[in-house]
Each structure stands twice: as C-alpha cells, then as structure tokens.
Amino acid sequence: MISDFIGWIFAILVIDPLQAQLQEQAERARLPMEIVRQSQDCLMTQGPRLIERAAGDYGWAVTNAVSIAIGNTSPSELLDSQDPQCKVLLNALNGAGEDV
C-alpha cells in the first residue's frame with residue numbers, strides 16, 4: 001500500500017513535470033512530428049518503469065524528486081538513453097537546447 005502511494009507521489013512530482021517539460025521543449029524547438037511521437041512512446045515505456053522503481057526504492061524516489069524539485073536535475077535525465085525512442089528524443093532536446 002505504501003509503495004502504491006510512493007509511486008503515485010513520484011508520478012505527480014516527476015513524471016507529470018517530465019511530460020510537460022518534454023512537450024514544451026518539443027514545441028519550442030519545433031521538433032518533427034516523428035520525434036514528438038517517439039517522445040510519447042518513450043514516456044509510455046519509461047514512465048511505468050520509473051514509477052515501479054520509485055515504489056520499490058524509496059530512497060531513490062525521494063532523492064530524485066527533491067533533486068528535480070530544486071532544479072539540480074532535469075526530469076529528462078531519468079530517461080533511459082539506451083532506449084531507441086528515448087535516445088532520439090534526448091538527442092533532439094540536447095541539440096535544441098544548444099540552439100536556444
């Protein structure tokens with residue numbers, strides 16, 4: 001029961017802001033629709049994995065939630081850069097950040 005609560009809190013504090021950040025950056029950088037679609041696929045696979053990890057490792061969940069909340073860590077840093085869909089997205093966002 002407590003792991004479900006931790007997972008829910010982590011989703012609110014980390015996953016939702018991550019989705020908003022990715023959408024905002026994709027719109028600002030005018031990324032191609034294919035990359036936007038891949039970002040959604042990335043979050044659909046990575047989101048549940050991150051919530052599961054948070055529910056099983058409270059220390060990891062708290063550390064990352066606080067780090068993101070105070071701005072030390074970007075939520076996108078939690079994504080698996082080895083996932084092909086996430087890799088394309090992260091490369092595009094990193095490139096977009098350099099041009100802005």
Side-chain angles (χ1 to χ4, degrees):
M1 178 145 169
I2 194 145
S3 62
D4 292 338
F5 178 71
I6 296 295
W8 178 73
I9 293 294
F10 190 79
I12 290 173
L13 296 176
V14 176
I15 303 299
D16 291 347
L18 175 60
Q19 283 184 305
Q21 175 195 22
L22 294 177
Q23 182 176 351
E24 177 185 318
Q25 288 180 333
E27 289 173 2
R28 185 176 62 221
R30 296 184 182 148
L31 296 176
M33 189 55 137
E34 181 62 25
I35 292 175
V36 172
R37 196 168 317 121
Q38 286 180 333
S39 73
Q40 293 167 343
D41 292 343
C42 171
L43 289 176
M44 295 218 18
T45 59
Q46 295 296 308
R49 184 188 61 81
L50 292 171
I51 291 170
E52 183 178 322
R53 182 169 181 193
D57 185 351
Y58 305 146
W60 180 86
V62 170
T63 300
N64 282 291
V66 169
S67 183
I68 288 169
I70 63 174
N72 278 351
T73 303
S74 168
S76 62
E77 292 178 36
L78 297 179
L79 297 176
D80 181 5
S81 63
Q82 300 305 311
D83 181 327
Q85 293 168 332
C86 294
K87 190 172 192 171
V88 169
L89 171 66
L90 292 172
N91 287 340
L93 291 175
N94 289 336
E98 294 168 2
D99 294 337
V100 175

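If you read the sequence from its start, that first residue is 1, and numbering goes on from there. What you see below is based on every heavy atom in this structure, not just the backbone, and it leaves out hydrogens, waters and symmetry mates.
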Hydrophobic cluster membership, with links at side-chain heavy-atom distances under 4.5 Å among I/L/V/M/F/W/Y: are [X] and [Y] in one?
X	Y	result
L78	I9	yes
I51	F5	yes
I68	W60	yes

Can you name the nearest heavy-atom pair linking [X] to [Y], along with the distance?
X	Y	answer
Y58	I2	OH-CG2, 3.0 Å
A65	V14	CA-CG2, 4.0 Å
F10	A54	CG-CB, 3.4 Å
C86	D80	CB-O, 3.3 Å

Exercise. Does the pair L43 and L79 meet the rule for a side chain to side chain contact (heavy atoms under 4.5 Å, CB included), with working shown?
Worked result: CA-CA 8 Å; L43 289 176; L79 297 176; 4.1 Å; yes

Problem set entry | Side-chain H-bond candidate by donor/acceptor type, Q46 with R49, under 3.5 Å | yes

Problem set entry | Partners passing side-chain hydrogen bond (donor to acceptor under 3.5 Å, both in side chains) against S81 (at least two apart in sequence or in another chain) | none

Problem set entry | By side-chain hydrogen bond (donor to acceptor under 3.5 Å, both in side chains) - contacts of S67 (at least two apart) | T73

For this session: State whether the number of non-hydrogen atoms from other residues, nucleotides or ligands found under 6.0 Å of I70 atom CD1 is greater than 12.
Result: yes

Exercise. Is it true that atom CD of E77 has more than 12 heavy atoms of other residues, nucleotides or ligands lying nearer than 6.0 Å?
Worked result: yes

Problem set entry | Donor-acceptor under 3.5 Å (D57 side chain, R53 main chain) | no

For this session: State, yes or no, whether a side-chain contact exists between N64 and L50 at a heavy-atom distance under 4.5 Å.
Result: no

Exercise. Any side-chain heavy atom of D83 sitting closer than 4.5 Å to one from T45?
Worked result: yes

